[in-house]
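For reference, the structure I am asking about is given below.
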Amino acid sequence: MSISASLRSGAAAQQAFPDALARVASPVAVVTALDGGRPHGTMVSPFAPLSLMPPMVLILLDQHSHLLAVIRRSGRFLGAHQADLASAFASPDPTSSIRSLA
């Protein structure tokens with residue numbers, strides 16, 4: 001086997017792992033919070049339950065995330081009773097936006 005053929009097969013092997021990860025299904029959730037009555041939100045993955053008592057879930061946000069700052073200020077993010085807000089994120093209609101819910 002030539003060196004160039006060996007390098008190509010090494011690159012293919014290195015790409016196999018990210019390709020496999022791309023096919024793994026994981027839950028995606030919309031996380032929202034209110035800041036002065038104005039909704040903010042983003043899609044997150046992973047979203048995982050941690051505890052029923054007290055109710056806790058795991059979400060990951062970048063440390064520079066605007067939403068993380070809102071959640072830290074308010075101390076909470078919105079729950080399941082905000083179905084209208086979640087529907088606005090899920091809608092394929094570009095005229096349906098979070099701003100219309102504010």
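No experiment lies behind these values; they were computed from the predicted model shown. Throughout, residue positions are numbered sequentially from 1 according to the sequence presented.
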query = Does Leu58 belong to the same Ile/Leu/Val/Met/Phe/Trp/Tyr cluster as Met56, with side-chain heavy atoms less than 4.5 Å apart forming each link?
reply =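 Shared cluster, yes.
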key: Student check: side-chain heavy atoms of Val57 and Leu50 closer than 4.5 Å   =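 The answer is no; the side chains never approach within 4.5 Å.
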task = Would you indicate whether the side-chain heavy atoms of His40 and Thr32 approach each other to under 4.5 Å?
result =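 No. Closest side-chain heavy atoms not under 4.5 Å.
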Shortest non-hydrogen separation from Leu68 to Gln63 and the atoms involved =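 Scanning both residues, the minimum pair turns out to be CD2-CA, 3.8 Å.
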query = Listed by chain and number, what are the side chain to side chain donor-acceptor pair (under 3.5 Å) partners of Asp19, not counting sequence neighbours?
reply =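 Checked Asp19 against side chain to side chain donor-acceptor pair (under 3.5 Å); matches are Gln15.
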inquiry  = My understanding is that a hydrophobic cluster links ILVMFWY residues whose side chain heavy atoms are under 4.5 Å apart, including indirect links. Using that, what else belongs to the cluster containing Val70?
reply    =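 For Val70, no cluster forms, as it stays isolated from other hydrophobic side chains.
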ask   = Do Val31 and Leu67 have side chains that get closer than 4.5 Å, going by heavy atoms?
value =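 Yes - at least one pair of side-chain heavy atoms lies under 4.5 Å apart.
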Close side-chain approach of Leu60 and Pro46, heavy atoms under 4.5 Å =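 Answer yes - side chains close enough.
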request  = For the residue pair Val44 and Leu61, establish whether any side-chain heavy-atom pair is separated by less than 4.5 Å.
outcome  =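 Yes; the side chains approach each other to less than 4.5 Å.
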